[in-house]
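These notes concern the structure reproduced below.
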Amino acid sequence: MRILHVIPSVASVHGGPSRAITLIEQSLVNQNVVVETATTDDDGPGKRLGHEIAARHESLAGTSRWFFPKQTDFYKVSFPLGRWISKNLERFDLVHIHSLFSHTSITAARRARRAGVPYIVRPLGVLNQYGLQHRRALLKRLSLPLIEAPILKHAAAVHFTDDAERLDVEELGLPLRSVVVPLGIPELIQGSQKRFLQRHSEFQGRKMILFLSRVDPKKGIESLLLAVEILKKEFGNGFRLAIAGDGKSDYIGKLKKLSLSLGITNLVTWLGQIEGDEKSDAYAAADIYVLPSYSENFGIALVEAMSSGIACVTSPGVAISSSVVNAEAGLVVNSDGPALAGAVKRLLKKESLRDRFANNGRDLVRREFSLDVMGYRLKSLYETLLKDQNQTPRF
């Protein structure tokens, strides 16, 4: 079986989607599926990955990636990518498209349909209420019925990573065939609390609250800082917040100014972007992980935290929050300062509750969010769609 993935960008600056495509590729290779990915050389606005050449090919852990120059930042327009897809579609059994409202998604869907190759669309959260209202809202309202709706209608399936995301999109009343296949992560290498404390001695003897995700306005970090101000009144210097992740410098500057105005700069450490051992060590050192996003179509970092054995606090805007509640793996509260402070306070005071949530979180990840489970489910989905395709006329 040969699967082509198409995604606007794999740059780390875009956070979860870029991480997810790597995990999907890896899970399918483990299932003996031949995987290639076509993307642009985008590395954020005005930036490019590697050299500006007609096409760049890379092999990564058994997969092949093709990078094509973008002509615009807006919609990631790449005409060379479209031409390559047309020439190479016959090599693939199915196309898996990631994201919408992008030139790469439009050209992949239209060319696949024209060639009679079935395709799947994974919207990446751009169709939920937050995504439609907070980023180019007018443009999306105009584009959705004319461009994206036909793409969804003719897709062999629309891939959601959680029931919450699926239900949110189905409320739009668009004709589509929805399937839910959660993302999965590999088993994480155990980090070292000792190593982390050697690098960050300010956490020595204090409870550590960790936020690790992309630093973006939708993540609810302002509310988390307000929660720290509230917690300071009861716990003093007995705890400290670590904020790990990258984002736009002006936005990070605003957050630091907010922490200064709240009088909590002595309780916040800005770790920046961390990967590898540094990330594993941060998870190992943390007592509580918090992800208070207003909108999150999955939440890979939350899954990683649960896999690392950390009691978690998250919000209803994170799609897998219902799974966290059902598994009793953490607390789900609104993304406002008092609610977050109350949840963290409860966990700080009850070690037994933190331990119970940590154990349940590990079990949940092994059962539902492992790399092997995702790979098996995706391969089974592809096989089912291809079987159905062979039994019915193509579009």
Side-chain angles (χ1 to χ4, degrees), residues 1-43 47-71 76-99 102-122 124 155-157 159 181 183-186 275 300 371-372 374-383 385-386 389:
M1 185 187 304
R2 302 182 68 94
I3 306 298
L4 173 64
H5 293 272
V6 180
I7 188 169
S9 175
V10 296
S12 60
V13 69
H14 297 301
S18 300
R19 171 77 171 131
I21 188 63
T22 301
L23 295 172
I24 289 172
E25 290 169 333
Q26 185 180 344
S27 74
L28 291 171
V29 169
N30 293 346
Q31 298 289 327
N32 298 313
V33 176
V34 178
V35 177
E36 296 186 37
T37 298
T39 187
T40 74
D41 59 359
D42 171 74
D43 193 22
K47 298 180 180 179
R48 297 174 183 271
L49 296 168
H51 301 291
E52 296 182 33
I53 55 179
R56 180 161 56 88
H57 176 256
E58 290 182 357
S59 294
L60 179 67
T63 70
S64 292
R65 283 184 175 178
W66 299 89
F67 294 83
F68 300 90
K70 62 179 181 179
Q71 278 71 67
K76 309 292 189 299
V77 174
S78 175
F79 297 115
L81 181 145
R83 290 193 292 268
W84 182 90
I85 290 176
S86 291
K87 292 178 181 178
N88 288 273
L89 266 175
E90 63 181 16
R91 297 195 290 112
F92 299 98
D93 299 299
L94 184 142
V95 180
H96 200 151
I97 298 169
H98 305 265
S99 192
S102 170
H103 175 263
T104 59
S105 306
I106 296 168
T107 194
R110 288 178 174 174
R111 293 173 193 239
R113 187 182 175 204
R114 192 180 305 141
V117 177
Y119 67 88
I120 298 173
V121 176
R122 185 167 73 96
L124 300 185
H159 172 197
V181 178
L183 297 177
I185 64 169
E275 298 291 347
I300 291 177
L371 206 64
D372 287 342
M374 176 175 66
Y376 173 80
R377 287 171 172 168
L378 282 175
K379 184 179 181 181
S380 298
L381 170 63
Y382 297 157
E383 289 173 340
L385 294 177
L386 290 173
Q389 187 78 4

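Since the structure is predicted, the reported quantities are computational estimates derived from the model, not experimental observations. Numbering of residues begins at 1 and proceeds along the displayed sequence. Atoms considered below: every heavy atom in the structure, side chains included; atoms not considered: hydrogens, waters and symmetry mates.
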Do [X] and [Y] make a side-chain contact, defined as non-hydrogen atoms from C-beta onward lying under 4.5 Å apart?
X    : Y   : answer
V117 : L4  : no
S99  : I7  : no
F67  : L49 : yes

Heavy-atom pair of closest approach, residues [X] and [Y]:
X    : Y    : answer
A115 : L89  : CB-CD1, 3.9 Å
P118 : L386 : CG-CD2, 3.9 Å
Y382 : I120 : CE2-CD1, 3.6 Å
I97  : A109 : CD1-N, 3.5 Å

By side-chain hydrogen bond (donor to acceptor under 3.5 Å, both in side chains), which residues pair with [X], not counting sequence neighbours?
X   : answer
N88 : R91
S9  : D42
T39 : none
H5  : H98

Please identify each residue that fulfils salt bridge (charged side-chain N to carboxylate O under 4.0 Å, His left out) with R65, with sequence neighbours left out. E25
State which residue, out of T107, V95, V121, fulfils the side chain to side chain contact (heavy atoms under 4.5 Å, CB included) condition with V6. V95
Tell me every residue that passes side chain to side chain contact (heavy atoms under 4.5 Å, CB included) with [X], counting only those two or more places apart in sequence or in another chain.
X   : answer
E90 : none
S64 : E36, H57, S59, W66
S78 : T40, F68, Q71, P80, L81
S27 : L371, M374, L378

Could you tell me the separation between the [atom1] atom of [X] and the [atom2] atom of [Y], rounded to the nearest 0.5 Å?
X    : Y    : atom1 : atom2 : value
Y376 : L381 : OH    : CG    : 12.0 Å
Y119 : R113 : OH    : CZ    : 6.5 Å
N32  : M1   : CG    : CE    : 10.5 Å
L124 : S105 : CG    : OG    : 8.0 Å
T22  : I185 : OG1   : CD1   : 14.0 Å
L183 : R19  : CG    : CZ    : 10.5 Å

Between [X] (side chain) and [Y] (backbone), is there a donor-acceptor pair under 3.5 Å?
X   : Y   : result
S18 : A11 : yes
K76 : D41 : no
T63 : V35 : no

Residues that H159 engages under ring pair (Phe, Tyr, Trp, His ring centres under 6.0 Å), provided they are two or more places apart: H96
Listed once per pair and sorted, the salt bridge (Lys or Arg N to Asp or Glu O under 4.0 Å) pairs that draw on residues 102-112, sequence neighbours left out: none
